[in-house]
2 protein chains.
Amino acid sequence: MATERRRATIYDVAQAAGVSKSLVSLVLRDSPSVSAPRRAAVLAAIKELDYRPSQAATALAGGTSQTVGVVIDDYTNAWFVELLRGLQEGLASAGLRIAVSDRTLNTHVESDPLDGFLSTRVEALVLATEPTPAMRFSSQIPVIVVGNRATQVPGADVASSDDRLGTRQAIEHLVSLGHRNIGHIGGGGGSSMLRLAGYQEAMKAAGLDEHVVSVSELTTEDTGYRCTQRLLDEDPDTTAILAANDSMAMGAMAAAQAAGLSVPGDLSIIGYDNSPLSGTHLLHLTTVDSRNHDLGLHVAQQVLSRLADPGRDAQRVLLEPLLIERGTCAAPRRP
Amino acid sequence: MATERRRATIYDVAQAAGVSKSLVSLVLRDSPSVSAPRRAAVLAAIKELDYRPSQAATALAGGTSQTVGVVIDDYTNAWFVELLRGLQEGLASAGLRIAVSDRTLNTHVESDPLDGFLSTRVEALVLATEPTPAMRFSSQIPVIVVGNRATQVPGADVASSDDRLGTRQAIEHLVSLGHRNIGHIGGGGGSSMLRLAGYQEAMKAAGLDEHVVSVSELTTEDTGYRCTQRLLDEDPDTTAILAANDSMAMGAMAAAQAAGLSVPGDLSIIGYDNSPLSGTHLLHLTTVDSRNHDLGLHVAQQVLSRLADPGRDAQRVLLEPLLIERGTCAAPRRP
DNA sequence: CTGAAAGCGCTTACAG
DNA sequence: CTGAAAGCGCTTACAG
């Protein structure tokens with residue numbers, strides 16, 4: 001029944017509750033200046049009519065979308081999930097919702113995911129991706145860049161994990177186990193460069209020779225496999241490998257297996273990201289946790305403080321990563 | 001410069017282009033009844049002013065959001081990615097965009113992701129998740145259920161892959177290799193039940209005894225590991241395992257490894273989903289492809305045809321899955 | 001094509 | 001608290 005009836009509006013609710021339209025609006029926005037009985041009457045009418053405020057009308061009349069746009073690279077990248085969760089948690093109390101745009105998903109449709117967000121009039125823009133030229137000049141709205149990026153966005157806040165420190169910790173762990181022949185496999189991008197730098201610093205500090213292999217910009221399981229093959233080929237005495245991320249570490253494990261090397265007996269491996277993958281029985285991978293959930297929470301704070309004070313100086317948040325010891329590291333057989 | 005200026009509206013564009021407001025509106029919606037020179041003038045003004053139509057105003061005035069809401073379980077589930085891509089491709093030509101809501105993400109915030117979508121006035125709802133009670137009565141708007149679900153939504157279209165056929169194909173493949181002791185590990189949910197049924201049918205058809213192990217509703221790597229341990233414990237003569245999905249298959253590989261069994265030498269394993277995981281060097285897993293991209297395309301067609309003809313009968317689409325042969329199956333050592 | 005007008009469903013003061 | 005009013009930025013006929 002009532003299938004053909006049009007959607008209930010605020011007028012219908014007011015009429016059903018026997019109050020004014022303004023009062024309904026006040027109840028909707030949780031105004032304290034509404035008496036309990038009237039509030040109850042309005043809520044009852046809302047429920048009765050299955051009324052839901054039109055987001056379009058609310059946004060247009062209120063002049064605010066109450067939405068934060070988030071651009072990510074690709075849904076398949078697991079680190080976004082925890083980031084989004086933290087971000088949403090931190091924003092929810094302020095009544096802000098998030099809208100997510102996958103860059104690869106939109107690539108065939110719009111020139112830039114930014115377009116949609118600007119039409120939506122998002123309150124702020126969170127870029128968990130390498131900023132495109134258009135994103136560098138988004139002006140008007142607050143921008144928070146998440147992660148270590150090659151491109152700078154003028155005036156934007158930045159929040160990231162201290163990738164350089166993370167790989168330094170990983171190398172120190174391997175060195176403390178007695179490893180001296182430690183290779184690094186990596187790819188391109190801002191994070192990869194910092195992780196490489198941390199590796200180099202720590203190796204230098206320990207008085208050890210570097211051995212870095214990279215076969216492409218990508219940091220996939222396949223490139224990890226190929227990098228490891230080359231690394232083991234170039235230096236068969238390698239006893240440990242630090243990968244730029246868990247996917248590459250997974251590839252390293254496959255290459256070790258193919259070479260007849262046991263992990264961690266013959267070869268120790270450390271990943272990066274503490275992805276769901278790394279916690280599996282099959283990998284049980286020692287890795288570095290970037291604390292993406294915490295990062296999301298910090299980003300939420302940056303969004304809120306920026307909205308409260310649009311004129312404030314740009315902030316930088318740098319989180320300390322955590323080494324997660326699991327089963328892929330051991331003392332080398334031949335130190 | 002122009003930092004403090006308010007956003008350009010359709011009035012500003014009209015004025016800058018020296019035309020009427022109505023004409024701008026026509027250009028925005030690609031009306032053919034606009035002369036080339038005027039259209040060019042309007043487009044130039046739009047570019048000049050960096051004008052972007054307000055989505056809220058467009059939706060409110062036009063009475064249509066041009067948005068399709070998609071509810072998924074969890075961003076970490078890789079099969080959604082291809083589904084979303086196909087869906088978006090199929091919807092883009094009709095000018096429809098998609099909005100995605102992650103159920104676990106929203107669980108702490110709204111009672112139901114449906115609320116947000118109804119406020120947005122989405123044109124249609126795509127449920128790639130087990131429908132909640134609220135979703136069963138969404139009424140008014142078209143609903144398309146994707147995947148094999150335990151719950152029915154009255155009047156909704158359904159699109160899914162033929163899971164039962166998929167596991168049947170998998171078992172037939174194992175049988176043709178000479179396996180007779182084939183176990184199945186699974187969990188709960190609509191897909192799992194159908195995959196189980198396909199296993200049972202094929203085993204029966206081949207005159208073989210079933211051996212099914214399930215330790216929980218979940219179909220994770222961990223449950224796959226534990227199911228396999230139990231299965232091997234209950235029947236050490238098992239030569240092949242069919243898992244309800246790739247994650248469980250990964251757990252099976254870990255359990256085989258822990259038990260000192262080589263894959264596929266001692267034990268053949270087949271997964272399901274053809275996830276990115278299954279294609280890695282480390283797994284190189286034989287699996288079944290559900291053709292999720294195609295599924296997304298079909299769902300898009302269902303959305304469009306339903307919007308074109310709201311009164312049409314509910315449709316069912318059932319896609320034939322594809323067995324992907326990789327490296328985890330071989331003839332059994334002891335047939 | 002133009003131009004004036006009404007309306008989409010809300011929010012926001014504001015006088016009572 | 002109410003009630004009438006203006007306005008958010010568009011779309012949609014409609015007379016010219």
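Excluded from the calculations below are hydrogen atoms, water molecules and symmetry mates; all remaining heavy atoms, backbone and side chain alike, are included. Within every chain, numbering begins at 1; the chains are lettered A, B, ... in the order of the sequence lines, protein sequences first and strands thereafter.
Here the nucleotide nearest the side chain of A:Arg38, chosen from D:dT2, C:dG9, C:dT11, is D:dT2. With distances taken from any side-chain atom of B:Thr58 to the nucleotides D:dC10, C:dT2, C:dT11, the minimum falls on D:dC10.
Taking atom CZ of residue A:Arg7 and atom P of nucleotide C:dG9, one finds them 11 Å apart after rounding to whole Å. Counting to the nearest Å, the C1' atom of C:dG3 and the CD atom of B:Gln15 are 15 Å from each other. Rounded to whole angstrom, the span from the CD atom of A:Gln55 across to the C1' atom of D:dC8 amounts to 15 Å. Across the protein-nucleic acid pair, A:Ile46 atom CD1 and C:dC10 atom C1' stand 13 Å apart, rounded to whole Å. Following rounding to the nearest Å, B:Lys21 (NZ) and C:dT2 (C1') show an atom-to-atom distance of 12 Å. Straight-line distance from the CD1 atom of B:Ile10 to the P atom of D:dG7: 18 Å, rounded to whole Å. Protein atom CG of A:Asp12 is 11 Å distant from nucleotide atom C1' of C:dG9, rounded to whole Å. Distance A:Leu60 CG to D:dG7 C1': 9 Å, rounded to the nearest Å.
Looking at heavy atoms from C-beta onward, A:Val81 lies in side-chain contact with A:Arg85 at the 4.5 angstrom threshold. Using a 4.5 Å cut-off on side-chain heavy atoms (C-beta onward), A:Arg149 and A:Leu127 make no contact. A:Asp157 places none of its side-chain heavy atoms less than 4.5 Å from the side chain of A:Pro142.
Under the Watson-Crick and G-U wobble criteria, each requiring two contacts below 3.5 Å, nucleotide D:dA15 is paired to C:dT2.
At the phosphate of D:dT12, OP1 or OP2 sits under 4.0 Å from a side-chain N or O atom of B:Arg29. Side-chain N/O atoms of A:Tyr11 include none lying less than 4.0 angstrom from OP1 or OP2 on D:dG3. Here B:Ser25 does not reach the OP1 or OP2 of D:dC10: none of its side-chain N or O atoms lies under 4.0 Å away.
Nearest-nucleotide mapping onto DNA chain D: of A:Leu23 and B:Ser54, the residue sitting toward the 5' end is A:Leu23. In this structure, B:Val19 and A:Val24 both approach DNA chain C, and ranking their closest nucleotides by distance from the 5' end singles out B:Val19.
A:Ser22 comes within 4.0 angstrom of a nucleotide base, judged by non-hydrogen atoms across all strands. Counting non-hydrogen atoms under 4.0 angstrom, B:Gly62 reaches the backbone sugars and phosphates but no base.
Between A:Asp294 and A:Arg291 a salt bridge is recorded (basic side-chain N to carboxylate O distance below 4.0 Å).
Looking at A:Ser20, its side chain has no donor and acceptor atom pair within 3.5 Å of the base of D:dA4.
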Determine, step by step, whether A:Arg312 and A:Ser305 satisfy the side-chain hydrogen bond (donor to acceptor under 3.5 Å, both in side chains) criterion, reporting the C-alpha distance in whole Å, the side-chain angles of both residues, the deciding distance to 0.1 Å, and the verdict.
CA-CA 9 Å; A:Arg312 77 151 164 72; A:Ser305 82; 2.8 Å; yes
